[in-house]
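The structure appears right after this line, and notes come after that.
All heavy atoms count here, side chains included; hydrogens, waters and symmetry mates do not. The structure presented is a predicted model; accordingly, all values stated were derived computationally and were not measured. Atoms within each ligand, like the ligands themselves, are counted from 1 in listed order.
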Amino acid sequence: MISEKITKLINEQIVHEQYAAQYYLCMSAWFYRENLEGIANYFRVQSKEELLHADKMFDYLNNVGADIEIGAIDKPEQQFKNATDIFEKALAHEKKVTQLIFNIMKNANEEGDFATSSFLQWFVNEQVEEEASASQLVSKIKMVCDNPSALYLFDQELSQRVFSPKTEF
Ligand code: FEO
């Protein structure tokens with residue numbers, strides 16, 4: 001039986017994931033305005049992934065018979081200094097999400113809620129991947145941001161990303 005505390009944390013996490021989706025959509029829009037459509041595509045796919053994360057949590061709460069209560073999503077920041085600023089903010093945001101997931105995991109472990117711990121393991125693994133990928137992109141954008149030819153190629157590289165929902169959990 002899932003506790004009220006864990007239910008509340010997961011309900012809140014659904015909104016955090018939806019906020020992340022909105023945030024990445026703002027980042028995508030910035031790159032579209034700069035005619036960097038490949039990078040814009042990258043963030044658009046990232047936004048869809050975040051919605052999938054929220055959906056997974058929604059399904060979990062439903063499966064365990066918990067009360068689902070969806071809160072409001074804050075308006076994300078829309079003003080960015082430059083491309084590097086965006087990638088750095090994306091990495092910082094992923095680190096914040098990781099801490100939020102860890103906090104739910106910690107509470108689930110303390111309660112002996114093994115079902116929730118098992119469910120959250122997928123997210124723990126996902127955050128490792130997301131932080132690694134975001135960190136790599138911060139390094140790359142710093143390498144290419146002042147070189148139009150290199151930036152063009154980087155944009156081409158990120159245009160290849162496609163949304164492919166992972167189902168391994
Ligand atoms: Fe759902 Fe990027 O964390």
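For His53, the N/O/S atom at the shortest distance from atom 1 (Fe) of ligand 1 is named ND1. Looking at Glu130, its N, O or S atom nearest to atom 2 (Fe) of ligand 1 turns out to be OE1. Counting just the N/O/S atoms of Glu50, the one with the shortest distance to atom 2 (Fe) of ligand 1 is named OE2.
Among the atoms of Glu94, none of the N, O or S atoms falls under 2.8 Å from atom 1 (Fe) of ligand 1. The nearest N, O or S atom of Glu17 is not closer to atom 2 (Fe) of ligand 1 than 2.8 Å.
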Query - Working for side-chain hydrogen bond (donor to acceptor under 3.5 Å, both in side chains), residues His53 and Glu50 - result: CA-CA 5 Å; His53 297 169; Glu50 300 303 346; 3.1 Å; yes
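A 4.5 Å side-chain heavy-atom check between Lys8 and Glu12 finds at least one atom pair inside the cut-off. Arg161 has its side chain within reach of Gln46: a pair of non-hydrogen atoms, C-beta onward, lies under 4.5 Å apart.
For the pair Glu88 and Lys81, the salt-bridge criterion is not met [side-chain N within less than 4.0 Å of a carboxylate O].
Proximity of the aromatic rings of Phe87 and Phe43 is defined here by a centroid distance below 6.0 angstrom, and this criterion is met.
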